[in-house]
Novice: 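Let me begin by handing over the structure; questions about it come next.
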Amino acid sequence: MTSTTRADLPKGRWRQRWPTIKKYLSYAFFILVAGLLIGLARNLDWKEIIGTLQSYQLRTLWLAGAAAFGSYLVYCFFDVLGKYYVRHGLPIRQIVPLTFVCYAFNLNLSAWVGGIALRYRLYSRLGVKPAQVTRIFTLSLLTNWLGYMALAGVIFTFADIRPPPEWEIGSMTLHIIGFSLMAVSVTYLLLCGFSKRRSWTIRGHEVELPSLRLAVIQILLGAANWSLMATVIYFMLLEKISYPEVLAVLMVSSIAGVISHVPAGLGVIEAVFVGLLGSQMSHPSIIAGLIGYRVIYFLVPLVFATIIYVVLEARAKKLRRTAAAQSGATS
């Protein structure tokens, strides 16, 4: 005969109530996402958006859309790298739509919603453990910014970028930042290739260095993603500015909010593009191009991501059973 202690009772009650609590948490999450989407839609100037798109030729929209599609596809392979880094059993055909949804929500509704909350929810419903999701997210984040550091490092170090006089940053400062970014990228590659110690435990989470091959792929994928983002802007600016200049300005805009005081009334990207390219193209044309960029790269993918997210939630139980069966077959 076994005795039940008082300490066991709360645990038993918690386990019994957890399915109900989990269901209500899911409802709360759906309401949160729906509220964020509705708030985003209400705050947009749809007349300005539609008017801007109507001013473009169909060829321009198709080219920009193709570049945006390529960028999202490249980003989806950030999490495919995570599959081999973490060694979970999900097939690539399930990872790609999941990552697409997370990226689109990340860009439009913040990293907390898309990058973290949705990633944990969708992966966990497919049977991936929270610790593994954390490592996948960390690798994805590193891939994106390692690619940025390598690409921006080369551009800032060797390109002749001259910020406007009102900015509290000069060409020499950009060269120093560029060299520092390249140094970080090279250091990461050296650690991955030659470090004898391969893992650390930080606050209960194990951090493991990837192989040199995986690290190189990280940087290439990250750089490709940023390059394709610049391609979208290049087409939306009607190819009137050279692509290397557009790419360089995009790199600067990503750190401008931290290292300089941009003019009030404009977003960071808009302010940087107007400040650096205003002598080559009219300000209204630049702003119109960037509005088009936000529509093509942010809003249109969000529409498709919302539909895919609803489908993924509806099929979650079936996909989890499939993933579990495949995992059991490979073990």
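When reading the values below, keep in mind they use all heavy atoms of this one structure, side chains included, and skip hydrogens, waters and symmetry mates.
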Novice: So, does Thr157 use its side chain to make a donor-acceptor pair with the main chain of Gly153 at under 3.5 Å?
Specialist: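 Checking the backbone N and O of Gly153 against the side chain of Thr157, a donor-acceptor pair under 3.5 Å is found.
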
Novice: Answer with yes or no whether the hydrophobic clustering places Met182 together with Leu247; edges join I, L, V, M, F, W, Y residues whose side-chain heavy atoms lie under 4.5 Å apart.
Specialist: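 No, Met182 and Leu247 fall in different hydrophobic clusters.
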
Novice: In Å, rounded to the nearest 0.5 Å, how long is the span from OG of Ser253 to CD1 of Ile233?
Specialist: 6.5 Å

Novice: Ignoring hydrogens and angles, state whether a donor on the side chain of Tyr85 or Glu208 is under 3.5 Å from an acceptor on the partner side chain.
Specialist: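 The answer is no; no qualifying pair exists.
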
Novice: Between Arg119 (side chain only) and Gly115 (backbone N and O only), is there a donor and an acceptor less than 3.5 Å apart?
Specialist: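 Looks like yes, one N/O pair under 3.5 Å.
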
Novice: Should the heavy atoms of other residues, nucleotides or ligands under 6.0 Å from CZ of Phe69 be counted, would the total exceed 12?
Specialist: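 Count not over threshold, so no.
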
Novice: For Arg59, which residues count as a salt bridge (charged side-chain N to carboxylate O under 4.0 Å, His left out) partner, sequence neighbours excluded?
Specialist: Glu239

Novice: For Tyr148 and Ser254, run side chain to side chain contact (heavy atoms under 4.5 Å, CB included): C-alpha distance rounded to whole Å, both residues' side-chain angles, the deciding distance at 0.1 Å, then the answer.
Specialist: CA-CA 9 Å; Tyr148 172 85; Ser254 298; 3.7 Å; yes

Novice: More than 12 heavy atoms of other residues, nucleotides or ligands under 6.0 Å from CZ of Phe298: is that the case?
Specialist: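 Yes, the 6.0 Å shell around CZ holds more than 12 heavy atoms from other groups.
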
Novice: Assess the residue pair Tyr297 and Tyr72 against the criterion (ring-ring contact (aromatic ring centres under 6.0 Å, His included)); give the C-alpha distance rounded to whole Å, side-chain angles, the decisive distance to 0.1 Å, and a yes or no.
Specialist: CA-CA 9 Å; Tyr297 198 80; Tyr72 272 80; 5.2 Å; yes

Novice: Would the distance check show the side chain of Asn144 and the main-chain N or O of Gly222 forming a donor-acceptor pair, the cut-off being under 3.5 Å?
Specialist: no

Novice: Tell me whether Lys240 is salt-bridged to Glu245, with the criterion being a basic N under 4.0 Å from an acidic carboxylate O.
Specialist: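 No.
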
Novice: Minimum heavy-atom separation for Tyr75 to Ser140, with atom names?
Specialist: OH-OG, 3.4 Å

Novice: Are any side-chain N or O atoms of Gln132 and backbone N or O atoms of Lys129, one a donor and one an acceptor, separated by less than 3.5 Å?
Specialist: yes

